[in-house]
Amino acid sequence: MHISWASWLLVACMGTTINASNILEVDLVFPHNETYAPTESFPVVFAFQNPERARYLNPHISYSIWNLDEYNGTVTRYHNFRSANWTGNGPYLAHEFFALSNEGRWRVRWTLTWQSCNEYAFENHLNVADMIRNSSTWSTWFTIQSSAPNVDLVAATANKTCPGEYGVTIDVTDKTMQVPWGVDWSGGDYTNDTCAVVASSTPTPRPDPCRVHIDKTIVASMEASLKTRLCHGLNPPTDCPEDNKNAAQQLVVTSIFCLLAAFGALGFFMM
């Protein structure tokens, strides 16, 4: 199995959002339970629908991807959204690329975790640092096969129907409170972090990942971010702009210089 580095990108995608203004929906929009050709840039894409509600929940996504036929080489990735800008007119996307060159059955197992206000503890002056913590875990399987079509995010997210188990819905009420001091919160403003109360009694809508549509512009942005990352790496592709190649070469030279300097300092202290 060969899995390369993963890059990530957060972008605002124009599309249809969920109707309920209080409902935050988090979906795995790619891959689906389908068969794809081997590729050096296989995307795993998550979407936040009604993303402005996410700012009050301190969300994190972790996931693992591995080949079920090989039972080794599991890779785990995280999105903590500390620098996320949750404002926008449409779904908020998070993605990473993987090089999947081996045929076989693959599995993506992902967990969404979030925190909300402990309303009872806050109002009764209990241990307010005990936020309410929740998580939801799902899995999907897909196949890599040489005879299969290439990955096409535009076509894959244009489907009229898709499994609801690929998503999670959360009823985020309008009642908010100050996050207690000492709580690790990803809102960005540590002097005015706000959490929301999550409704527990009202049934939430069934997730619908098919509301998220990725168009050619978004795909181009994803591919551009991947190329930029590769071109600034230690082994840039041959079609990178010269300034990127020079920057990568300079990085190698600087790394070697620092390594030699470290050995030189070690030799000095051993004298």
Member of Gln115, Arg133, Met131 meeting the side-chain contact (heavy atoms from CB on, under 4.5 Å) criterion with Asn58 | Gln115

Report the distance from atom CD of Glu52 to atom OG of Ser21, rounding to the nearest 0.5 Å.
-> 8.5 Å

Closest heavy-atom pair, Gly167 versus Pro209, reported as atoms and distance to 0.1 Å, is N-CG, 4.3 Å

Show your reasoning for whether side chain to side chain contact (heavy atoms under 4.5 Å, CB included) applies to Ser139 and Trp110.
-> CA-CA 6 Å; Ser139 292; Trp110 62 284; over 6 Å; no

So do the side chains of Trp141 and Leu68 get within less than 4.5 Å of each other, counting heavy atoms only?
-> yes

Write down the atom of Ala196, the atom of Thr173, and the distance for their closest heavy-atom approach.
-> CB-O, 4.1 Å

Between Ala99 and Glu40, what is the shortest heavy-atom contact and its length?
-> CB-OE1, 3.4 Å

Test side chain to side chain contact (heavy atoms under 4.5 Å, CB included) applied to Asp174 - qualifying residues, sequence neighbours left out | Asn22, Arg53

How would you list, by chain and number, every residue that makes a side chain to side chain contact (heavy atoms under 4.5 Å, CB included) with Val198, sequence neighbours excluded?
-> Leu57, Ser116, Ile170

Look only at the side chain of Thr169 and the backbone of Pro205, and say whether a donor-acceptor pair between them is shorter than 3.5 Å.
-> yes

Test item: Glu103 and Ser146 side chains (from C-beta on) under 4.5 Å apart, heavy atoms | yes

Would you mind reporting whether Leu100 and Pro38 have side-chain heavy atoms less than 4.5 Å apart?
-> no

Ser136 and Trp114, any side-chain heavy atoms less than 4.5 Å apart | yes

With Leu112, the side-chain contact (heavy atoms from CB on, under 4.5 Å) member among Asp27, Leu28, Ile61 | Ile61

Residue set satisfying ring pair (Phe, Tyr, Trp, His ring centres under 6.0 Å) with Tyr56, at least two apart, ordered chain then number -> none

Interatomic spacing from CD in Gln49 to CD1 in Ile23 - rounded to 0.5 Å = 11.5 Å

Kindly indicate whether the side chain of Ile144, heavy atoms from C-beta on, has any atom under 4.5 Å from the side chain of Asn102.
-> no

Distance, nearest 0.5 Å, that separates CE of Met222 from OG1 of Thr217 | 11.5 Å

Under the side chain to side chain contact (heavy atoms under 4.5 Å, CB included) criterion, do Leu93 and Val212 qualify, and how do the steps go?
-> CA-CA 9 Å; Leu93 303 183; Val212 179; 4.0 Å; yes

Would you call Asp184-Arg82 a salt bridge at under 4.0 Å N-O?
-> yes

Going through the distances and angles, do His60 and Asn80 end up as a side chain to side chain contact (heavy atoms under 4.5 Å, CB included)?
-> CA-CA 5 Å; His60 293 72; Asn80 62 24; 3.4 Å; yes

If you round to the nearest 0.5 Å, how far is CG of Asn118 from CD1 of Ile132?
-> 4.5 Å

Arg109: partners by side-chain hydrogen bond (donor to acceptor under 3.5 Å, both in side chains), with sequence neighbours left out | none

Find out whether Trp86 and Phe81 are in side-chain contact, i.e. whether some heavy atom of one side chain is under 4.5 Å from a heavy atom of the other.
-> yes

Once you round to the nearest 0.5 Å, how far does CD of Gln178 lie from SG of Cys195?
-> 8.5 Å

Start with the C-alpha gap between Phe142 and His32, add the side-chain angles, then the distance that decides, and say whether side chain to side chain contact (heavy atoms under 4.5 Å, CB included) holds.
-> CA-CA 7 Å; Phe142 62 95; His32 299 159; over 6 Å; no

Could you give all pairs that pass the disulfide bond (SG atoms under 2.5 Å apart) test and reach residues 33-63, with sequence neighbours left out?
-> none

For Glu119, check side-chain hydrogen bond (donor to acceptor under 3.5 Å, both in side chains) against everything at least two apart and list the hits.
-> Lys175

Sorted by chain and number, sequence neighbours left out, salt bridge (Lys or Arg N to Asp or Glu O under 4.0 Å) with Glu223 holds for none

Heavy-atom closest pair (Ala148 atom, Ala37 atom, distance to 0.1 Å) is O-CB, 3.3 Å

Hey, are the side chains of Thr39 and Phe98 touching, using non-hydrogen atoms and a 4.5 Å cut-off?
-> no

Quick one: side chain to side chain contact (heavy atoms under 4.5 Å, CB included) partners of Ser147, sequence neighbours excluded?
-> Gln145

With distance as the sole test, does Asp215 use its side chain to make a donor-acceptor pair with the main-chain N or O of Val154 at under 3.5 Å?
-> no

Nearest 0.5 Å, what's the CZ-CH2 distance between Arg55 and Trp185?
-> 12.0 Å

Check the pair Thr111, Thr137 against side chain to side chain donor-acceptor pair (under 3.5 Å), reporting the backbone distance first and the verdict last.
-> CA-CA 4 Å; Thr111 298; Thr137 300; 2.8 Å; yes

What pairs with Ser64 under side-chain hydrogen bond (donor to acceptor under 3.5 Å, both in side chains), at least two apart in sequence or on another chain?
-> Thr76

What about Phe97 and Phe42, are their ring centers closer than 6.0 Å?
-> no

Partners passing side-chain hydrogen bond (donor to acceptor under 3.5 Å, both in side chains) against Thr143 (at least two apart in sequence or in another chain) = Arg105

Do His79 and Tyr63 come within less than 4.5 Å of each other through their side chains, counting heavy atoms only?
-> yes

What heavy-atom pair brings Gly90 and Pro51 nearest, and what distance separates the two atoms?
-> O-CG, 3.5 Å

Sub-6.0 Å ring centroid separation between Phe30 and Phe46 | no

